[in-house]
Amino acid sequence: MGTKAKSKSPVRVVLFALLGATAIGGGIFWGVRYQKESWLERATIDELSSAASKDESDVEVFLKLGLRAKESGDWPRAARAFGHACELAPDRVECWVSWARSVYEFADYAASDAILGDFIKRHPMDGTAYLERAALRRDAKRNDRAWEDINQAVKLLPGDGKALALKGELCIDMGTYQDAQTMFLQAKALLPDSPWPLMGLYHSSIEMKSLPEAEAAARELRKRFPEMIEGRFYLGEVLLFGAKSDAQLEESIRELLQAKEEIKNVPKENDWHFTSNLLLGRAYCNAKKYKEAVPYLEKSVEITPDNPDALFYLGRSYRALGNEKKAVEVLAEHRTVLQNVAFVRKQVAQLNTDSNDFVTRLKLARWYLSQKAYKSALVHYEELISRNQGGEEAKNERAEIVQKLNELSAAGAQKEISDAKTP
């Protein structure tokens with residue numbers, strides 16, 4: 001027995017040595033990997049650029065370089081970095097999504113859409129690609145095409161909360177609010193740590209005038225995500241809409257005033273500035289405090305001249321204060337804007353029913369052009385051309401819009417270029 005034990009001891013020594021070497025090797029591998037990840041997180045854009053130029057085969061460096069460029073607002077640089085990452089990792093959808101989004105920020109929709117289209121051709125069963133293209137198309141107001149993509153995404157990603165939530169957003173855009181609620185309720189169960197489903201439930205409930213449900217969603221959002229300004233705004237808004245007493249109006253005003261205080265440092269172009277002024281103006285108007293209402297409503301009209309609610313409550317306040325001349329002027333503008341909103345909604349509803357309706361799309365494109373809403377017009381002209389509709393007329397009119405936008409951009413007329421609030 002003693003002899004056998006001695007004969008095995010060298011084997012044990014070798015085995016232990018091998019195991020030790022493996023452990024050391026594994027430790028070195030993970031240590032190096034950790035060091036690289038740590039370096040990537042803290043590296044500056046210049047350090048990443050230098051590393052990328054030395055080794056053009058490291059996809060993680062190019063992804064991080066693209067992210068740093070994105071954070072600094074250098075979209076062309078971000079696009080170049082993400083584009084190279086796609087060459088290195090042609091099967092990684094996050095590379096393609098980042099490339100498409102970067103291109104969208106400084107170039108045009110068609111180029112970014114084509115990037116994701118190329119990926120989908122090679123990966124037709126990748127649900128994330130359809131989901132991301134649906135989001136891009138919705139951002140670019142191509143809701144009919146986004147609808148096709150989101151349905152495919154939901155099919156390929158069963159149980160994906162983000163896909164269901166985005167489908168809910170598109171249902172709201174298309175006016176099918178009950179369907180939106182169904183999507184958001186399912187998404188809420190799948191995304192327990194996300195405010196997105198609660199926000200969707202709030203908006204769909206407001207559209208259906210289900211104020212108790214909207215208030216419940218607003219209060220839950222405010223409680224669970226106190227750092228989000230939306231919760232306070234939503235609560236102030238729904239309390240305003242459902243107020244049946246002065247006390248309820250006062251509670252609404254307190255919430256809205258606090259929300260307005262919290263957005264002081266938010267960029268001026270942010271929609272919250274318009275929303276806070278409009279809601280406070282409405283609240284004071286409903287409380288019959290017309291002198292307090294007017295400054296807020298005037299500011300909201302200054303920010304967004306074609307909002308029918310702002311014009312209506314401003315005209316009503318002027319009338320209550322005895323300024324009939326201003327009331328007549330503002331309410332006449334309100335009627336015009338209301339007619340425009342009704343016209344656009346009718347055309348959009350028709351396009352949601354039949355996205356190939358050439359006559360309706362051309363009518364809407366030309367209406368936007370007549371209103372000098374160039375960006376909105378461009379969306380529909382590009383859609384016509386992509387569908388081989390409209391012929392040379394559509395191409396020529398699109399070229400005129402592009403030229404006009406370039407002229408305005410060169411002149412620095414950003415306010416004229418933007419028509420994001422156009423119905």
Side-chain angles (χ1 to χ4, degrees), residues 134-135 137-139 141-144 146-147 150-151 154 161-189 191 194-222 225 228-244 248 252 255-256 259 271-272 274-276 278-279 281-283 286 300 304 306-313 334 337-353 376 420-423:
R137 287 176 165 180
R138 180 174 180 259
D139 287 349
K141 300 182 181 179
R142 268 71 171 186
N143 283 354
D144 45 357
W147 184 251
I150 197 59
N151 283 326
V154 169
K162 291 179 181 179
L164 291 168
L166 183 57
K167 187 169 182 178
E169 296 278 9
L170 281 161
C171 285
I172 290 179
D173 294 341
M174 299 173 77
T176 55
Y177 306 119
Q178 189 62 59
D179 291 339
Q181 285 224 314
T182 300
M183 293 297 108
F184 285 121
L185 283 169
Q186 292 178 30
K188 184 182 176 186
L191 300 171
S194 171
W196 189 4
L198 287 171
M199 294 167 71
L201 284 170
Y202 176 78
H203 286 297
S204 53
S205 297
I206 286 289
E207 292 291 350
M208 292 193 298
K209 296 182 170 53
S210 301
L211 298 186
E213 289 84 354
E215 183 176 343
R219 288 192 184 279
E220 185 175 352
L221 182 67
R222 189 170 179 274
F225 303 95
M228 292 186 63
I229 192 67
E230 284 85 351
R232 195 176 298 283
F233 267 118
Y234 292 173
L235 185 56
E237 181 181 54
V238 73
L239 289 172
L240 166 61
F241 291 168
K244 292 183 173 61
Q248 289 173 316
S252 169
E255 289 288 337
L256 292 170
D271 285 348
W272 285 127
F274 165 76
T275 302
S276 63
L278 172 60
L279 291 178
R282 285 184 63 168
N286 287 358
S300 66
T304 307
D306 53 4
N307 182 275
D309 287 344
L311 291 164
F312 172 76
Y313 284 97
H334 166 258
V337 169
L338 207 59
Q339 288 170 357
N340 290 343
V341 170
F343 169 82
V344 171
R345 284 179 177 170
K346 182 179 178 181
Q347 312 313 311
V348 169
Q350 176 58 30
L351 289 174
N352 285 338
T353 302
S376 295
K421 302 292 191 307
T422 305

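Being a predicted model, the structure only gives us computed values, none of them experimental.
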So, taking the atom named [atom1] in [X] and the one named [atom2] in [Y], what distance separates them when rounded to the nearest 0.5 Å?
X: Lys167; Y: Thr176; atom1: NZ; atom2: OG1; answer: 9.0 Å
X: Leu338; Y: Asp306; atom1: CG; atom2: CG; answer: 12.0 Å
X: Asn340; Y: Arg345; atom1: CG; atom2: CZ; answer: 12.0 Å
X: Glu213; Y: Ile206; atom1: CD; atom2: CD1; answer: 10.5 Å
X: Leu240; Y: Leu235; atom1: CG; atom2: CG; answer: 11.0 Å
X: Met183; Y: Gln178; atom1: CE; atom2: CD; answer: 10.5 Å

Partner set under ring-ring contact (aromatic ring centres under 6.0 Å, His included) for Tyr234, not counting sequence neighbours
Tyr202, His203
Please identify each residue that fulfils ring-ring contact (aromatic ring centres under 6.0 Å, His included) with Tyr177, with sequence neighbours left out.
none
Judged by atom type as modelled, is there a donor-acceptor pair below 3.5 Å linking the side chain of [X] to the main-chain atoms of [Y]?
X: Thr353; Y: Ala349; answer: yes
X: Ser252; Y: Gln248; answer: no
X: Ser204; Y: Ala180; answer: no

Summary of salt bridge (charged side-chain N to carboxylate O under 4.0 Å, His left out) pairs that have at least one residue in residues 170-184, sequence neighbours excluded
Arg138-Asp173
Holding to side-chain hydrogen bond (donor to acceptor under 3.5 Å, both in side chains), I want the full list of residues that pass it with Asp139, two or more places apart in sequence or in another chain.
Arg101
Could you pull out all residues at least two apart from Ser205 that satisfy side-chain hydrogen bond (donor to acceptor under 3.5 Å, both in side chains)?
Gln181
Among all residues two or more places apart in sequence or in another chain, which pass the salt bridge (charged side-chain N to carboxylate O under 4.0 Å, His left out) test with [X]?
X: Arg219; answer: Glu215, Glu251
X: Glu255; answer: Arg222, Arg232
X: Lys162; answer: none

Excluding sequence neighbours, so at least two apart, what forms side chain to side chain contact (heavy atoms under 4.5 Å, CB included) with [X]?
X: Gln339; value: none
X: Ser194; value: Leu191, Trp196, Pro197
X: Asn307; value: Phe274, Leu278, Thr304, Asp309, Ala310
X: Gln347; value: Phe343, Thr360, Lys363, Leu364

Check: Asn143 and Arg137 side chains under 4.5 Å, non-hydrogen atoms
no
Would you name the heavy atoms of [X] and [Y] that are closest together and state the gap between them?
X: Ala163; Y: Ile150; value: O-CD1, 3.5 Å
X: Phe184; Y: Glu169; value: CZ-N, 3.5 Å
X: Leu198; Y: Ala217; value: O-CB, 3.8 Å
X: Lys141; Y: Ser376; value: NZ-OG, 3.5 Å
X: Pro195; Y: Leu221; value: CB-CD1, 3.6 Å
X: Ala146; Y: Ala134; value: CB-O, 3.4 Å

Please walk me through it: do Lys209 and Phe241 pass side chain to side chain contact (heavy atoms under 4.5 Å, CB included)?
CA-CA 9 Å; Lys209 296 182 170 53; Phe241 291 168; over 6 Å; no
